[in-house]
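Heavy atoms only: backbone and side chains are in, while hydrogens, waters and symmetry mates are out. The shown structure was predicted, so the numbers you read here are calculated from the model rather than taken from an experiment.
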Amino acid sequence: MTEKNWEKGLDVFDAVYGPGASEMVKPFKDSPFNQEIVGNQFANLWGNEAFTIREKRLMVLGATAMLGRQDLVEIQMTGALVNAEFTDEQLEQIPLFMLFYAGAGNCTALFRGIEAARARVAAMKKAD
């Protein structure tokens, strides 16, 4: 990993998850795992302009819904809400649409993750 990729990855990380989000990975710069995440996944994949961040996030949300991971949905949706990527109507439609592809149990986790992200971002805005 080059320094250029590390710095680009940090910038993209902040673009995906919101300003300052990259602070959580900076202390682990020497970790090969974090170098791969920041220097490749974010600098090269999330940083590639073939798809928008919003389009990439929709793909990640679809895959995450299949895992039934509310915690990971919350992380993605918090970034999406900070970046104003979805309207309230779209947020309502995501779990409804995915219900037929990911199943009720997984979409319950998707719904809960979205609602947890909404609450988190509302609290962040209230604190400001």
Side-chain angles (χ1 to χ4, degrees):
M1 178 204 63
T2 66
E3 187 65 26
K4 182 179 176 182
N5 268 28
W6 176 259
E7 292 301 323
K8 179 182 178 185
L10 293 175
D11 290 343
V12 174
F13 199 97
D14 286 339
V16 172
Y17 295 116
S22 64
E23 292 300 318
M24 73 173 122
V25 296
K26 286 181 181 178
F28 306 103
K29 182 178 181 179
D30 293 332
S31 161
F33 176 79
N34 277 303
Q35 289 175 4
E36 185 66 22
I37 297 293
V38 174
N40 187 29
Q41 183 180 2
F42 283 90
N44 296 327
L45 299 175
W46 279 94
N48 184 295
E49 295 179 3
F51 291 103
T52 66
I53 288 175
R54 183 181 185 275
E55 291 166 337
K56 291 172 193 162
R57 191 179 316 278
L58 284 168
M59 288 187 271
V60 171
L61 283 169
T64 304
M66 294 300 293
L67 297 173
R69 293 284 306 273
Q70 176 182 335
D71 57 330
L72 298 178
V73 170
E74 183 179 349
I75 291 167
Q76 286 300 322
M77 288 309 301
T78 298
L81 294 172
V82 166
N83 291 329
E85 294 174 14
F86 300 109
T87 65
D88 286 337
E89 180 181 6
Q90 289 170 330
L91 291 173
E92 296 293 329
Q93 288 296 311
I94 291 170
L96 184 61
F97 181 82
M98 289 301 297
L99 179 65
F100 297 96
Y101 296 94
N106 287 342
C107 284
T108 298
L110 178 62
F111 173 80
R112 288 181 178 164
I114 291 170
E115 293 306 310
R118 282 176 146 171
R120 176 185 285 191
V121 172
M124 289 167 45
K125 288 180 180 178
K126 191 174 184 179
D128 285 342

May I ask you to list the residues sharing a hydrophobic cluster with F51, side-chain cutoff 4.5 Å, ordered by chain and number?
-> M59
Any Q93 side-chain heavy atom under 4.5 Å of L96 side chain = yes
Evaluate the side-chain proximity of N5 to N40: yes if any heavy-atom separation is below 4.5 Å, no if none is.
-> no
When rounded to the nearest 0.5 angstrom, what distance separates CZ in R69 from CD in Q76?
-> 12.0 Å
Which pair of heavy atoms, one from G68 and one from A109, lies closest together, and at what distance?
-> O-CB, 3.5 Å
Go through the structure and list residues passing side-chain contact (heavy atoms from CB on, under 4.5 Å) with E49, not counting sequence neighbours.
-> none
State, with a plain yes or no, whether a side-chain heavy atom of L67 is found less than 4.5 Å away from one of N106.
-> no
Hey, could you give me the CG/CE distance between L61 and M98, rounded to the nearest 0.5 Å?
-> 8.5 Å
Shortest non-hydrogen contact between A102 and C107, atoms and distance | CB-SG, 3.9 Å
Around atom CD of E3, are there more than 12 heavy atoms of other residues, nucleotides or ligands at under 6.0 Å?
-> yes
According to a 4.5 Å side-chain heavy-atom criterion applied to Ile, Leu, Val, Met, Phe, Trp and Tyr, with indirect links allowed, do L99 and F111 form part of one hydrophobic cluster?
-> no
Thinking salt bridges, do R118 and E92 make one under a 4.0 Å N-O criterion?
-> yes
May I ask you to test the V60-L72 pair for a side-chain heavy-atom distance under 4.5 Å?
-> no
Provide the closest heavy-atom pair for I114 versus V73 in the form atom of the first, atom of the second, distance.
-> N-CG1, 3.8 Å
Lys/Arg N to Asp/Glu carboxylate O, K26 vs E23, below 4.0 Å = yes
Can you sort out the partners of Y17 under ring-ring contact (aromatic ring centres under 6.0 Å, His included), two or more places apart, ordered by chain and number?
-> F13, F42
Closest approach of A21 to D14 (non-hydrogen atoms, all atoms of both residues) | N-OD1, 3.0 Å
Spell out, yes or no, whether I53 and V82 are grouped together once hydrophobic residues are joined by side-chain heavy atoms under 4.5 Å, including indirect joins.
-> no
Heavy atoms, side chains only, cut-off 4.5 Å: are L58 and F86 in contact?
-> yes
Passes side chain to side chain contact (heavy atoms under 4.5 Å, CB included), V16 versus K56? Steps please.
-> CA-CA 10 Å; V16 172; K56 291 172 193 162; over 6 Å; no
Nearest atoms (heavy-atom pairs only) where L10 meets V38 = N-CG1, 3.7 Å
Give the minimum heavy-atom separation between Q70 and G113, together with the two atoms involved.
-> CG-N, 3.4 Å
With a 4.5 Å limit on heavy-atom distance, are the side chains of S31 and V25 in contact?
-> no
Say whether, by atom type as modelled, one donor and one acceptor occur between the side chain of N48 and the main chain of A50 under 3.5 angstrom.
-> yes
What distance do M77 atom CE and R57 atom CZ have between them, rounded to the nearest 0.5 Å?
-> 7.5 Å
Between NZ of K125 and CG of L81, what distance do you get to the nearest 0.5 Å?
-> 7.5 Å
W46 reachable from M24 in the ILVMFWY side-chain graph, under 4.5 Å edges | yes
